[in-house]
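To keep things clear, I will list the structure first and then write my remarks on it.
By convention in this document, chain letters (A, B, ...) are assigned in the order of the sequence lines, proteins followed by strands, and residues within each chain are numbered from 1.
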Number of protein chains: 2
Amino acid sequence: MSTSLHHRAVEHLGTRIVGGALPTGHVMLAEHLEDELNVSRSVVREAVRVLQSLGLVETIKRVGIRVLPAHRWNPFDPLVIRWRLAGEGRGAQLRSLAELRSAVEPVAAELAAGNAPGSLRQELVGISLAMKEAGDAGDMATFLDLDIRFHALVLSGSGNEMFANLIGQVTETLTGRTVHGLMPEHPQKEALQWHMDVAHAIDAGNGAMARDAAAKIMRQTIAELAPSWDDQPRVFVPVSRN
Amino acid sequence: MSTSLHHRAVEHLGTRIVGGALPTGHVMLAEHLEDELNVSRSVVREAVRVLQSLGLVETIKRVGIRVLPAHRWNPFDPLVIRWRLAGEGRGAQLRSLAELRSAVEPVAAELAAGNAPGSLRQELVGISLAMKEAGDAGDMATFLDLDIRFHALVLSGSGNEMFANLIGQVTETLTGRTVHGLMPEHPQKEALQWHMDVAHAIDAGNGAMARDAAAKIMRQTIAELAPSWDDQPRVFVPVSRN
DNA sequence: GAGTTTTGATGTCAGCACACATCGGTGTCA
DNA sequence: TGACACCGATGTGTGCTGACATCAAAACTC
């Protein structure tokens, strides 16, 4: 009971919409939601306002609260991402995040080589060495922790707040990959080397080298994960013409 | 007066927080906001809930509504981006968006080469040709329209909903660049060729070539824009250690 | 079929009870 | 006398409710 009614209402509706239980175009009445959730109008209205700001619903006078199509949802919102990962969109969401990572991390590494503060560069080098140790020793728990921190530091070191904001999502994919047994017993030897290459290139201020090494890591990551989402259909949103 | 009170309240508070008029840590009272905006408590509370979901404020019992530091804001939310572009964070926001573009578009082009529907590939080729015509003729208005549609199609054709969601932001940077006179009189000859290369590579299903050509466009774009934000300080968010 | 009225939903307002973190006073103990 | 723990007053967000305003869809009139 520690979570507020507002929080529970947002969560309830969000999971049901993103999870597909409430299909696109489905119309709800605020009054009906009050009964269903056993809460007052204020709670329902505040929750609906939040979902509206996420692009999940729209309110229309004289009609009610309508569920919007998925392409209107804000795919970068942490709530939406979490709800998708928890529901039937999990595969597609993981693919999207992996592709986003593969795009962002090389550029983040390149920027970090040019901008990151000295202390961050040194910590990065240290972590890459510790990763190699843990990897060679087969200590996958420690390796995962170091891996997460490594990629978080690269994103943070880019000095781009949008990249830094992806730390949470990247962490999610890294832990998810390990938890779901998609990681090899030992990390690939090349991957360990590439992490060290990224760290040393950033430390040396060599942007191109950092970018290329990070790109190699991403290519391998994608190659490992791709089979698990081969069956996920892709959605092509039509581009408005004006 | 057609906009709702709720919308105006969100807008008023959002612009003032993101614009820096309300500094980090500033505490407001709901009651005070009612007077300031001349609205009732419901409106204030619903607006605060939305801003809370964007990470702009937090509410603390017995204290009030506190403005959160910028690194807690959701940098991908369209509202936050718009408010930053309208305020003093404009330069930093444009740089962030440009860097995000430079990361995403090459990968989007690569994915489009592998996944985009046939009709989209053909339209892309047609647009790249029309861009060359308009560019050679110096018709910059038409060129801008085509340019916007070109990049929107690439992002859409990737089949990644996160990439497709960036269409609006990319459009903003492209128009902004032209409106603020950062575009050359005539588009660079190479840029026109690269756009055609991207289109033809996607049409031919050659992912690597599409990626490389798109990367060249991005490198040139960054090089053109970089001088305008050289003075913008970068912010490095510390990475939580656990 | 065009224009008008009715209806029913959200939008907005105002007042109340409650939970609870903070502050300050009071009491106890050393 | 001073330090510290306790405890109640206070103020503010949370949640509930009844009433009215607004506006667009639907029904109705001509």
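With salt bridges taken as basic N to acidic carboxylate O contacts below 4.0 Å, one links Arg82(B) and Glu11(B).
Taking the six-membered ring for Trp and the full ring otherwise, the centers of His12(B) and His7(B) sit at least 6.0 Å from each other.
For Lys61(A) and Asn38(A), each mapped to the nucleotide of DNA chain D holding its nearest heavy atom, the one lying further toward the 5' end belongs to Asn38(A).
Proximity of Thr59(B) to the phosphate of dT14(D): a side-chain N or O atom is located under 4.0 Å from OP1 or OP2. Side-chain nitrogen and oxygen atoms of Ser40(B) include none within less than 4.0 Å of the OP1 or OP2 phosphate oxygen of dT12(C). Here Arg49(B) reaches the OP1 or OP2 of dT14(D): one of its side-chain N or O atoms lies under 4.0 Å away.
Of the candidate nucleotides dC13(C), dT12(C), dT12(D), dT12(D) has the atom lying nearest to any side-chain atom of Leu29(B).
Among Leu33(A), Leu29(A), Val27(A), Leu56(A), the one residue that satisfies the side chain to side chain contact (heavy atoms under 4.5 Å, CB included) test with Ile65(A) is Leu33(A). Screening Arg95(B), Arg72(B), Arg84(B) for a salt bridge (Lys or Arg N to Asp or Glu O under 4.0 Å) with Glu161(A), the sole residue that qualifies is Arg84(B).
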Heteroatom pairs (N/O) under 3.5 angstrom, protein to nucleotides 16-18 of chain C:
| unit_1 | atom_1 | unit_2 | atom_2 | d |
| --- | --- | --- | --- | --- |
| dC16(C) | N4 | Arg41(B) | NH1 | 2.7 |

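Looking at heavy-atom distances under 4.0 Å, Arg66(B) makes no contact with the nucleic acid at all.
Scanning all heavy atoms of the two residues, the minimum distance from Arg90(A) to Leu85(A) falls at NH1-O, 3.0 Å.
In this structure, CD1 of Ile65(B) is placed 14 Å from C1' of dG11(D), rounded to the nearest angstrom.
In terms of polar N and O atoms assigned as donor or acceptor, the side chain of Arg62(A) comes within less than 3.5 Å of the base of dT7(C) in a complementary pairing.
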